[in-house]
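None of these values were measured; they are calculated from a predicted model. We're numbering straight along the sequence, starting at 1.
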Amino acid sequence: MNLNIKYNNLLDIINLHFGVYYPLKNFVSKRNFLSIINNYQLGNKIFFPLPVYINISTKLFNRDKNIKTIKAFYKSKRVCDLKVKSFYSLNKNKIGENFFKTRDKNYPGFKEFLKSGEYFIDCKIRNFNHKIMKNLNFSYPAKIKSIFMESKVRTIAGFHTRNAPHRAHEWIHNYGLKHCDGLLIHPLIGQYKKNEYTEKAILKTNSKLVKKIYNKKNIFFAFFNSYPRYAGPREALFHALVRKNYGCTHFLVGRDHAGAKGFYKKYESQKICLKFQKKLKIKIINFNEPYLCIGCKNIVNKKCYLCKKVAKKLVSGTLIRKRLLKKMNIPSYLMRKEISSMLSNKSIILDKS
């Protein structure tokens, strides 16, 4: 059986193959799927927070349900073989409510989950085609770890983002460096929804900040080529685990991490990451949300020590993108001119089918 896979399937195969999702090495079985959803662990009781799955339509299942090997292709290029152990189905409504902690079927993560195929494949990845890595943005965990070892930086804070860097991000970077010897700025690239940044905009702006503006031996840059699942606190745990696999000793968790539309409670991701910190085997750095003090135009996260007041404006990727779409000026106290000059309304995804 030949299967034309989606881009998110391609990225999952690559990340599973190169150990980005370790201890998970293959797409989950039904037992593992349910165990992850109910207990935040694999069937063998090893901690894992989020199911990584591949599924197909009922039509394909009925046609090929007895197949044992699937040849996976992406845009006519062979990716790997999937050795099938079994096909299985789930009560997707019930699972989705637990997965995303909502009954709102229009919530982005839940909506995409329901749209995906009805039959899941318990399978192992075999005969991976390394040629597909050509021209694909990917940071190999083993290589990043070796860079850390060569630098002799002992503690490294991982910073997750899917935005072009603004001043509040810079405050978080600095906060991470107060707790660790080094910092890995590690943007998520991959699939995004309408009105978010393009992959190119995220890569070029964060790269410039690290390599040209910061330009320090203890600040590193790599990318996490995956995609947003919009699973909030559960996905924050997943992001922390990924950074451990890249060699980070600490992980910065901000407000509403991996959520959408402010759906989850503001610091819910921080709380769950601290709860599972020992099982994650990476230290969590939490902090109050930084904001712009309107009085002195400084970024702070508590009462401003200069103005002695709390007159604030939240600085977010959403705010910057709205200004870009309206072709408005972005003040330097919101984003460095060196960064904002690289952006325009063309840096935003305007149509996502």
Report all side-chain donor-acceptor pairs from residues 210-218 shorter than 3.5 Å, counting only partners two or more places apart or in another chain.
{"residue": "Y214", "atom": "OH", "partner": "H173", "partner atom": "ND1", "Å": "2.8"}
{"residue": "N218", "atom": "ND2", "partner": "D181", "partner atom": "O", "Å": "3.0"}

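- Ring centroids of F33 and F120 are separated by less than 6.0 Å, placing the two rings close together.
- Residues L136 and F128 are members of one and the same hydrophobic cluster, defined by side-chain heavy-atom contacts under 4.5 angstrom among Ile, Leu, Val, Met, Phe, Trp and Tyr.
- A donor-acceptor contact shorter than 3.5 Å links the side chain of K92 to the backbone of F113.
- In this structure, a donor-acceptor pair under 3.5 Å is absent between the side chains of K59 and N62.
- The hydrophobic clustering, which links ILVMFWY residues whose side-chain heavy atoms are closer than 4.5 Å, places F27 and I14 together.
- Using cut-offs of 30° and 60° for the angle between ring planes, the F18 and F138 rings count as tilted.
- Residues satisfying the side-chain hydrogen bond (donor to acceptor under 3.5 Å, both in side chains) criterion with S340, sequence neighbours excluded, are absent altogether.
- R255 and N288 form no side-chain donor-acceptor contact under 3.5 Å, judged by distance and modelled atom types alone.
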### Query
Which is it for M149 and K145 under the side chain to side chain contact (heavy atoms under 4.5 Å, CB included) test, yes or no, and what are the steps along the way?
CA-CA 6 Å; M149 288 185 68; K145 287 179 181 178; 5.6 Å; no

### Task
Please report the C-alpha distance between F100 and Y230 in whole Å, then the side-chain angles of each, then the deciding distance to 0.1 Å, and finally whether the ring pair (Phe, Tyr, Trp, His ring centres under 6.0 Å) criterion is met.
CA-CA 8 Å; F100 300 99; Y230 304 105; 9.1 Å; no

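- A search for salt bridge (Lys or Arg N to Asp or Glu O under 4.0 Å) contacts involving E196 returns R162, K193, not counting sequence neighbours.
- Ring pair F251/H257: centre-to-centre distance below 6.0 Å.
- The main-chain N or O of A201 is never found under 3.5 Å from a side-chain atom of S347 such that the two would form a donor-acceptor pair.
- Looking at residues two or more places apart in sequence or on another chain, you find a salt bridge (Lys or Arg N to Asp or Glu O under 4.0 Å) between R103 and E97.
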### Task
Go through I121 and Y53 one step at a time and tell me if the side chain to side chain contact (heavy atoms under 4.5 Å, CB included) criterion holds.
CA-CA 7 Å; I121 312 172; Y53 57 85; over 6 Å; no

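- Using a distance-only test at 3.5 Å, with no hydrogens or angles considered, a donor-acceptor pair links the side chain of N44 to the main chain of I46.
- Donor-acceptor pairing under 3.5 Å is recorded for the side chains of N137 and E199.
- Not one N or O on the side chain of N163 forms a donor-acceptor pair closer than 3.5 Å with the backbone of P165.
- No side-chain donor from either of N301 and Y175 sits under 3.5 Å from a side-chain acceptor of the other.
- Linking ILVMFWY side-chain heavy atoms closer than 4.5 Å, directly or via other members, places Y267 and I284 in two distinct hydrophobic clusters.
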Throw together a table of side-chain donor-acceptor distances under 3.5 angstrom for residues 68-83, partners on residues two or more places apart or in other chains.
{"residue": "T69", "atom": "OG1", "partner": "K83", "partner atom": "NZ", "Å": "3.3"}
{"residue": "R78", "atom": "NH1", "partner": "N127", "partner atom": "O", "Å": "2.9"}
{"residue": "D81", "atom": "OD2", "partner": "N127", "partner atom": "ND2", "Å": "2.7"}

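- Linking ILVMFWY side-chain heavy atoms closer than 4.5 Å, directly or via other members, places Y22 and I54 in two distinct hydrophobic clusters.
- Here K115 pairs with E112 under the salt bridge (Lys or Arg N to Asp or Glu O under 4.0 Å) rule; sequence neighbours left out.
- N15 places a side-chain N or O within 3.5 Å of a backbone atom of N225 that can act as its donor or acceptor partner.
- A donor-acceptor contact shorter than 3.5 Å is absent between the side chain of R323 and the backbone of P331.
- Counting only distance, with no hydrogens or angles, the side chain of N245 and the backbone of V20 share a donor-acceptor pair below 3.5 Å.
- Between the D64 side chain and the I67 main chain, no donor and acceptor come within less than 3.5 Å of each other.
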### Audit row: L292, N298, side chain to side chain contact (heavy atoms under 4.5 Å, CB included) steps and yes/no
CA-CA 6 Å; L292 175 72; N298 283 318; over 6 Å; no

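- Classified by interplanar angle (parallel below 30°, tilted 30° to 60°, perpendicular above 60°), the ring pair F238/F224 is tilted.
- For E170 and R167, the salt-bridge test passes: some basic side-chain N is under 4.0 Å from an acidic carboxylate O.
- No close placement of the F99 and F110 rings is indicated, their centers lying 6.0 Å or farther apart.
- With Y107 contributing its side chain and F263 its backbone, the two residues share no donor-acceptor pair below 3.5 Å.
- When only modelled atom types and interatomic distance are considered, S86 and K30 share no side-chain donor-acceptor pair under 3.5 Å.
- Aromatic rings of H160 and H186 (six-membered ring for Trp) have centroids beyond the 6.0 Å cut-off, not under it.
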### Audit row: L42, I36, side chain to side chain contact (heavy atoms under 4.5 Å, CB included) steps and yes/no
CA-CA 6 Å; L42 300 172; I36 290 168; 3.7 Å; yes

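- Hydrophobic clustering keeps W171 apart from I294 (ILVMFWY residues linked when any side-chain heavy atoms are closer than 4.5 Å, directly or through intermediates).
- With no hydrogens or angles considered, a side-chain donor-acceptor pair links Y21 and S226 at under 3.5 Å.
- Using modelled atom types, no side-chain atom of T198 and backbone atom of I348 make a donor-acceptor pair closer than 3.5 Å.
- For the pair V28 and F48, the minimum side-chain heavy-atom distance is 4.5 Å or more.
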